[in-house]
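Remarks on the structure that follows.
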Amino acid sequence: MTNQVALITGASRGLGLEIARAYARRGLRLILTARGAEPLKQAADELAALTDVLAIAGDVADPRHAERLVHKGLDKFQRIDVLVNNASELGPSPMPELQNLSREAFEHILRVNVVAPLELTQLVIPAMRAHKTGLIVNVTSDAGVQAYPTWGGYGASKAALEHLSRVLAAELEGSGVRVFVVDPGDMDTAMHRAAEPGVDLSHLPTPDSVAPAFVRLLDEQAAFGRFEARRLLAVMA
């Protein structure tokens, strides 16, 4: 897979960084983005020892950043084979009940978790169609399926992302571009700790133990699928 290129959002820490590490070990070249410039640079410097890396800091909610990211990636590598929409927004901390969720906060959650993945998808699809192959991976959550109090804004955004993915797969049928939705499950991450401040999450899996599931999906040939990382890992064991 040394000729393939993966674009990963939210790649400076947590699951995004671990997916980048796993893909680098597999031989993929990387386009990485995250909001924090310094942590992203540290990640890029580390991964550059394994593969070619282009890292551009910015906010995926900014459409100008999304366009710049994809255009510079195509300029450098001439292709983008895999898009991993991993960057996510929880909203205010602590997370409020829906009756107290402001319009501005909800709009921002939707902008990051739904609109930005669609914009990036729209930007990479032409090149994927031209190569008649590609993989779009949208990271979801069981909060998009189950009703958890105070998780309404985030959960609604993930439910929207999942249905968007299903429709996208139907529209791309026969193109060679696959669309997967992946629920990584509960993990011990900074994002989860922000969602539940003060709760001990040390018993939960760490992102490095979940990332191999995303490598497994590189070889999955289905046109669409909703996958739970733990089940994939159990099959791989």
Side-chain angles (χ1 to χ4, degrees), residues 5-25 28-73 75-77 80 82-95 104-105 107-121 123-124 137-141 153-154 157-158 161 182 184 186-198 201-202 204-211 214:
V5 179
L7 191 166
I8 305 170
T9 68
S12 65
R13 64 179 186 176
L15 181 61
L17 176 55
E18 294 302 338
I19 294 171
R21 285 169 172 158
Y23 280 6
R25 290 191 292 268
L28 277 75
R29 297 174 291 171
L30 301 173
I31 304 167
L32 307 178
T33 191
R35 284 177 294 186
E38 185 55 34
L40 183 65
K41 181 181 182 301
Q42 293 174 1
D45 289 346
E46 171 197 331
L47 294 166
L50 298 175
T51 190
D52 290 335
V53 180
L54 172 65
I56 303 177
D59 188 347
V60 294
D62 181 352
R64 294 167 298 180
H65 172 63
E67 291 180 5
R68 179 168 174 258
L69 182 67
V70 172
H71 291 162
K72 284 190 171 292
D75 285 345
K76 180 176 177 63
F77 296 117
I80 296 174
V82 182
L83 168 63
V84 181
N85 284 310
N86 167 71
S88 291
E89 174 63 45
L90 281 172
S93 179
M95 293 189 296
E104 293 78 12
E107 287 177 346
H108 183 61
I109 292 169
L110 294 174
R111 176 76 218 171
V112 176
N113 296 357
V114 184
V115 179
L118 176 58
E119 287 178 338
L120 284 167
T121 297
L123 289 166
V124 302
V137 179
N138 291 324
V139 178
T140 187
S141 165
Y154 177 79
S157 74
K158 290 303 183 179
L161 181 64
V182 184
D186 289 339
M187 295 180 292
D188 184 2
T189 62
M191 181 176 173
H192 197 161
R193 290 192 292 274
E196 300 187 74
L201 303 177
S202 61
L204 295 177
T206 51
D208 61 298
S209 69
V210 175
F214 289 79

Sub-3.5 Å donor-acceptor pair from the side chain of [X] to the main-chain atoms of [Y], do we have one?
| X | Y | answer |
| --- | --- | --- |
| Y23 | F214 | yes |
| S88 | N113 | no |
| N86 | G10 | yes |

With a 4.0 Å cut-off on N to O distance, would you call E67 and R64 a salt bridge?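 Salt bridge absent between E67 and R64.
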Would you call [X] and [Y] a side-chain contact if the rule is heavy atoms closer than 4.5 Å?
| X | Y | result |
| --- | --- | --- |
| L83 | V137 | no |
| V139 | P184 | yes |
| L123 | T121 | no |
| L7 | V82 | no |
| L30 | T51 | yes |
| V53 | L32 | yes |

Could you pull out the closest heavy-atom pair between [X] and [Y], with the gap in Å?
| X | Y | value |
| --- | --- | --- |
| I109 | E89 | CG2-O, 3.8 Å |
| A87 | T9 | N-OG1, 2.9 Å |
| A20 | L47 | CB-CD1, 3.7 Å |

Of all residues at least two apart in sequence or in a different chain, which pass the side chain to side chain contact (heavy atoms under 4.5 Å, CB included) check with P63?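 Result, side chain to side chain contact (heavy atoms under 4.5 Å, CB included) vs P63: R111, E119.
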Pairing residues for A34 by the side chain to side chain contact (heavy atoms under 4.5 Å, CB included) criterion, not counting sequence neighbours: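 Partners of A34 under the side chain to side chain contact (heavy atoms under 4.5 Å, CB included) test: S12, L40.
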